[in-house]
**Q** 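Take this structure first; my questions come after.
Sequential numbering from 1 along the given sequence is applied to the chain's residues.
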Amino acid sequence: MRGGAALAVALLLAACSGSDPQPGASPHTPSLESAAIERGIVRDPRASDVTGLYARDTDRLCVVPDGTAYRVGAFVDYGDKVSCTGRGTAARSGSTLAIELKGKGGEACSFDAKFDGDRITFPANVPDACAKLCGPRASFAALEVERLSESAAEAEALRSAEGVRLCGS
């Protein structure tokens with residue numbers, strides 16, 4: 001029995017020890033996200049143009065090219081006149097959009113949003129200045145919208161509740 005136990009321990013240690021990698025295996029396994037991008041399951045944000053119309057429920061965001069940057073407009077509507085509206089600009093660096101939104105009275109707020117190729121997500125904590133673009137109990141915080149269209153013309157047609165074109169020139 002003693003020899004059998006020693007053999008079992010030796011087999012267990014051999015199974016747990018590092019062995020030579022399988023043929024074709026890389027010592028640096030790609031991340032799940034990069035593997036999904038490589039297989040075409042997820043859009044590569046670096047190869048995607050951010051231009052388009054984005055939405056989720058009653059929230060809307062438009063992005064259109066403007067020289068080397070973008071014009072953006074965002075509208076969040078909770079109903080009963082509880083909403084946020086802002087127009088401004090964005091500069092893109094990889095998957096980050098540096099957004100500056102302005103309101104009716106010249107109020108402005110700036111923050112970085114994330115772009116993953118199909119979705120734009122605002123940070124969970126936007127600067128206090130963004131509250132000036134919103135009514136009571138409304139916020140741009142954690143706004144997450146998905147692409148509806150890649151058309152600049154459709155994005156330019158987006159209007160606020162007051163009928164103002166949010167991405168129009």
**Q** Looking only at atom types and distance, does a side-chain atom of Glu162 sit under 3.5 Å from a main-chain N or O of Ser160, one as donor and one as acceptor?
**A** no

**Q** Working to the nearest 0.5 Å, report the span between CD of Glu150 and OG of Ser48.
**A** 7.5 Å

**Q** Are Cys109 and Val126 packed together at the side-chain level, in the sense that at least one heavy-atom pair is separated by less than 4.5 angstrom?
**A** no

**Q** Keeping the roles fixed (side chain from Arg159, backbone from Glu156), state whether a donor-acceptor pair exists under 3.5 Å.
**A** no

**Q** Which heavy-atom pair separates Tyr78 from Arg137 by the least distance, and what is that distance?
**A** CE1-O, 4.4 Å

**Q** Could you tell me whether the side chain of Leu158 reaches within less than 4.5 Å of the side chain of Phe75, counting heavy atoms only?
**A** no

**Q** State, yes or no, whether a side-chain contact exists between Arg147 and Phe115 at a heavy-atom distance under 4.5 Å.
**A** yes

**Q** Identify the heavy atoms of Ala74 and Phe140 that sit nearest to each other, and give their distance.
**A** CB-CE2, 3.6 Å

**Q** I would like to know whether Thr85 and Val164 meet side chain to side chain contact (heavy atoms under 4.5 Å, CB included); could you show each step before the answer?
**A** CA-CA 10 Å; Thr85 304; Val164 174; over 6 Å; no

**Q** With rounding to the nearest 0.5 angstrom, report the CG to OH distance, Leu148 to Tyr54.
**A** 10.0 Å

**Q** Distance check, rounded to the nearest 0.5 Å: Leu61 atom CG versus Phe122 atom CZ?
**A** 5.0 Å

**Q** Taking the two cysteines Cys84 and Cys134, do their sulfur (SG) atoms come closer than 2.5 angstrom to each other?
**A** yes

**Q** Checking the side chain of Asp116 only, and the main-chain atoms of Asp118 only, is there a donor and an acceptor separated by less than 3.5 Å?
**A** yes

**Q** Hey, which of Ile99, Ile120, Asp49 is the one that makes side-chain contact (heavy atoms from CB on, under 4.5 Å) with Val63?
**A** Ile120

**Q** Any donor-acceptor pair under 3.5 Å linking the side chain of Arg71 with the backbone of Val64?
**A** no

**Q** Specify the closest pair of heavy atoms between Gly88 and Leu101, including all atoms of both residues, with the distance to one decimal.
**A** N-CD2, 4.1 Å

**Q** List for me each residue that meets side chain to side chain donor-acceptor pair (under 3.5 Å) alongside Arg56, sequence neighbours excluded, and say none if there are none.
**A** Glu144, Glu146

**Q** Give me the atom names and distance for the closest heavy-atom approach of Ala90 to Ala69.
**A** O-CB, 3.4 Å

**Q** Return the minimal non-hydrogen interatomic distance between Pro127 and Ser110, and the atom names on each side.
**A** CG-O, 3.0 Å

**Q** Is the shortest side-chain heavy-atom distance between Pro65 and Thr51 below 4.5 Å?
**A** yes

**Q** Is a side-chain N or O of Thr58 found less than 3.5 angstrom from the main chain of Asp77, in a donor-acceptor match?
**A** yes

**Q** Restricting to non-hydrogen atoms, name the atom on Ala108 and the atom on Ala129 that form the minimum distance, rounded to 0.1 Å.
**A** O-CB, 3.3 Å

**Q** In this structure, are over 12 heavy atoms from other groups packed under 6.0 Å from Asn125 atom CG?
**A** no

**Q** Do the side chain of Arg60 and the main chain of Leu53 share a donor and acceptor less than 3.5 angstrom apart?
**A** no

**Q** Does the side chain of Val72 come within less than 4.5 Å of Arg87's, by heavy atoms?
**A** no

